[in-house]
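One structure is given below, encoded as structure tokens.
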2 protein chains.
Amino acid sequence: MRAAVPSEDSSPRNASQVLADVRKLIAGGGLDADGKLPNERDLSVQLNVGRRGLRRALDALEAEGLIWRRQGKGTFIGQPPDPKGKLAAEISAEANPLSVMEARLCLEPELAALCAQRAGPEDLVRMHHLVDRIDQTSDAESAELWDGSLHRLIARVAGNPILMTAFALLDAVRTSQTWQDQRDRARSPELRRLYTQQHRSIVSAIARHDTDGARATMREHLSLLSLNLRAVYPGDRP
Amino acid sequence: MRAAVPSEDSSPRNASQVLADVRKLIAGGGLDADGKLPNERDLSVQLNVGRRGLRRALDALEAEGLIWRRQGKGTFIGQPPDPKGKLAAEISAEANPLSVMEARLCLEPELAALCAQRAGPEDLVRMHHLVDRIDQTSDAESAELWDGSLHRLIARVAGNPILMTAFALLDAVRTSQTWQDQRDRARSPELRRLYTQQHRSIVSAIARHDTDGARATMREHLSLLSLNLRAVYPGDRP
DNA sequence: CGTGCGAACCATTTAAGGATTGGTTCATCT
DNA sequence: AGATGAACCAATCCTTAAATGGTTCGCACG
């Protein structure tokens with residue numbers, strides 16, 4: 001490809017082609033459970049572009065909030081987990097799915113409210129990107145990653161260190177547990193549409209800086225999740 | 001030593017000699033900054049006792065609370081550090097009094113609501129007892145301690161492991177900070193009466209299992225604290 | 001037979017070294 | 001001047017061996 005078009009105005013075209021290729025890769029699913037992309041050296045060979053050119057595409061996607069990168073670790077889709085979550089999980093007692101959901105219902109509406117107070121234009125653009133990704137992804141595992149990323153971004157933009165750590169603990173517990181049952185992910189198209197609508201409502205309330213609206217829509221979303229969880233995990237209490 | 005007294009009633013005497021030797025070592029200083037003792041194998045040679053005998057002495061000292069041991073790590077004088085300590089310190093570096101209060105306003109009303117669902121008779125007795133103690137204590141520092149105990153009890157009775165961990169971190173950050181200004185504690189009799197009234201309202205709502213009431217009264221209490229805090233720490237945001 | 005002892009084995013933590021991965025710089029080419 | 005590939009740098013991870021406390025086993029002695 002590069003050899004075929006070396007003398008054309010290759011720079012803008014080639015860069016946008018690479019960007020499109022990486023987008024396709026991100027959208028295509030089939031990545032590891034942690035959403036890890038191939039390393040830069042492999043990916044540049046795979047996409048037939050120099051590493052430097054690839055990095056420029058990755059820079060753009062990172063700015064959009066669709067990927068995160070860490071030197072020595074790799075490149076991953078979505079938003080990064082807060083490292084304090086793992087630490088917090090070490091000192092926390094065991095939690096079951098119902099108590100995790102209960103904690104989410106207490107915490108995340110408040111985070112959404114704070115996020116609505118503090119979100120800037122760039123944050124909102126990223127949230128919209130993530131909602132789009134959730135919507136457009138067909139495989140359940142990727143949808144889960146994008147979904148988790150949206151919630152991570154909201155928690156981060158909320159801007160409170162202690163609450164962020166609390167959220168990170170929830171995030172760490174949720175992603176480390178094997179009670180992610182297959183049924184939990186087999187979402188009917190109906191349900192998926194409803195979730196997406198709820199995500200859009202949350203982000204819309206945040207965009208309007210509507211604190212109460214954000215709190216209410218997040219609570220609504222999590223209540224629905226809670227209902228579905230209880231159908232799978234009956235129990236008298238968390 | 002053992003060779004010199006093999007035929008006497010050596011067991012109790014030898015054991016107490018070993019115990020005394022280890023005590024001397026503990027009291028003598030000259031250990032590392034982290035209070036680490038030599039490993040058991042070295043120490044048994046040093047004190048001319050078998051490892052098994054040494055372990056019996058160490059068992060006794062551990063039971064007395066003078067040392068702590070961890071497999072793979074070593075034996076240390078004193079008590080183990082609080083596992084929350086590192087994480088709380090990290091959070092503290094990013095937090096300020098306003099953000100701590102903000103987190104309290106988000107978290108503690110929810111804890112009070114869960115507590116109202118789950119409190120048993122014994123819990124209520126303890127809560128009333130603590131409220132009485134806060135009321136009856138004349139010095140500000142003690143009142144602060146009882147106050148903290150009440151909030152901790154509420155968080156515990158709420159019964160959610162994740163939220164409990166979040167609260168514990170919040171508590172650790174709060175109590176470790178030097179922002180505990182003396183003015184913060186010099187509460188006028190007027191204000192103290194109001195706080196006590198609020199504490200009673202909270203516990204009363206909890207006793208009635210009035211979830212919304214508990215949430216509202218806790219929020220009211222913390223909002224007043226927040227107001228007073230803002231008077232001391234002006235700032236546009238947490 | 002019961003108890004103590006040393007040796008051996010087991011389980012957890014730590015440290016070190018090499019491999020992997022992203023971040024940056026340098027030299028060369030267009 | 002900008003793009004490119006190669007080389008170098010810095011951070012993270014993984015593996016392995018060593019260090020350390022926890023426990024068991026076999027033997028000796030009273």
Side-chain angles (χ1 to χ4, degrees), chain A residues 1-19 22 31-32 34-63 66-77 80-84 86-87 90, chain B residues 1-19 22 31-32 34-63 66-77 80-81 83 86:
Chain A
M1 199 158 39
R2 256 187 314 134
V5 234
S7 54
E8 299 193 351
D9 186 8
S10 59
S11 183
R13 182 162 173 276
N14 215 313
S16 59
Q17 267 186 319
V18 173
L19 188 52
V22 183
L31 299 175
D32 285 355
D34 57 359
K36 192 174 189 308
L37 293 184
N39 72 63
E40 288 178 359
R41 290 170 180 100
D42 286 352
L43 199 49
S44 65
V45 170
Q46 186 177 330
L47 298 183
N48 199 20
V49 62
R51 195 175 150 209
R52 191 71 203 87
L54 172 68
R55 286 185 57 77
R56 266 192 293 270
L58 293 176
D59 287 344
L61 291 170
E62 190 171 20
L66 294 178
I67 64 169
W68 61 283
R69 293 135 95 189
R70 204 71 79 229
Q71 182 174 342
K73 194 177 174 70
T75 301
F76 302 80
I77 66 169
D82 187 311
K84 287 199 274 298
K86 279 235 179 85
L87 296 175
E90 285 170 16
Chain B
M1 198 155 46
R2 254 187 314 138
V5 236
S7 54
E8 298 193 355
D9 186 9
S10 58
S11 183
R13 183 165 173 279
N14 216 314
S16 59
Q17 266 187 316
V18 173
L19 189 52
V22 183
L31 299 176
D32 285 357
D34 56 2
K36 194 176 190 300
L37 293 184
N39 72 61
E40 289 180 0
R41 290 172 180 98
D42 287 352
L43 198 49
S44 66
V45 170
Q46 186 176 332
L47 298 183
N48 198 19
V49 62
R51 196 175 149 207
R52 190 70 204 88
L54 172 68
R55 286 185 58 76
R56 266 191 295 268
L58 294 177
D59 286 344
L61 291 170
E62 188 171 21
L66 294 180
I67 62 168
W68 61 283
R69 295 134 95 188
R70 203 72 80 228
Q71 181 173 339
K73 193 177 172 70
T75 302
F76 302 81
I77 63 171
K86 273 223 187 102

Review point. Does the side chain of A:Thr75 get closer than 4.0 angstrom to OP1 or OP2 of C:dT21 through an N or O atom?
Key: no
Check your understanding: Any donor-acceptor pair under 3.5 Å joining the side chain of A:Arg51 to the base of C:dG23?
Key -> yes
Point to revise | Listed nucleotide nearest any side-chain atom of B:Lys73, set D:dT4, C:dT13, D:dG22 | key: C:dT13
Review point. Which heavy-atom pair separates A:Ser44 from A:Gly50 by the least distance, and what is that distance?
Key: CB-C, 3.9 Å
Practice item. Kindly give the heavy-atom pair with the smallest separation between A:Val22 and A:Ala57, and that separation in Å. Key: CG2-CB, 4.5 Å
Practice item. Take atom NZ of B:Lys36 and atom P of C:dT13, then tell me their distance rounded to the nearest Å. Key: 14 Å
Exercise for review: When you get a sec, tell me which of D:dG21, C:dG4, C:dT14 is the closest nucleotide to the side chain of B:Arg56?
Suggested key: C:dG4
Exercise for review: Measure from CD1 on B:Ile67 to C1' on D:dG22 and round the result to the nearest Å.
Suggested key: 14 Å
**Study point:** Nearest heavy atoms of A:Leu54 and A:Val18, plus distance in Å
**Key:** CA-CG1, 4.4 Å
**Study point:** Whole angstrom value for the distance that separates P of C:dT13 from CG of B:Asp34
**Key:** 17 Å
Point to revise | Atom pair distance, as rounded to whole Å: CG in B:Asn39 and C1' in C:dT14 | key: 14 Å
Exercise for review: Please state how far atom CG in A:Asp42 lies from atom C1' in C:dT21, giving the value in whole angstrom units.
Suggested key: 10 Å
Check your understanding: Tell me: CG of A:Leu37 to P of C:dG22, nearest whole Å?
Key -> 9 Å
Point to revise | Distance-only donor-acceptor test, B:Arg41 side-chain atoms vs C:dG6 base atoms, 3.5 Å | key: no
**Study point:** Nearest to side-chain heavy atoms of A:Arg55, which nucleotide of C:dG22, C:dT14, D:dG22
**Key:** C:dG22
Check your understanding: Rounded to whole angstroms, how far apart are NZ on A:Lys86 and C1' on D:dT12?
Key -> 12 Å
Exercise for review: Step through the shown structure and confirm whether more than 12 heavy atoms of other residues, nucleotides or ligands are within 6.0 Å of NZ on B:Lys36.
Suggested key: yes
**Study point:** Minimum-distance nucleotide (side-chain atoms of B:Arg69 versus D:dT4, D:dG22, C:dG23)
**Key:** D:dG22
Check your understanding: B:Gln71 or B:Arg52: which one's nearest nucleotide on DNA chain D is closer to the 5' end?
Key -> B:Gln71
Check your understanding: Any side-chain heavy atom of A:Arg69 sitting closer than 4.5 Å to one from A:Asp59?
Key -> yes
**Study point:** Length of the CZ-P vector between B:Arg70 and C:dA11, whole Å
**Key:** 19 Å
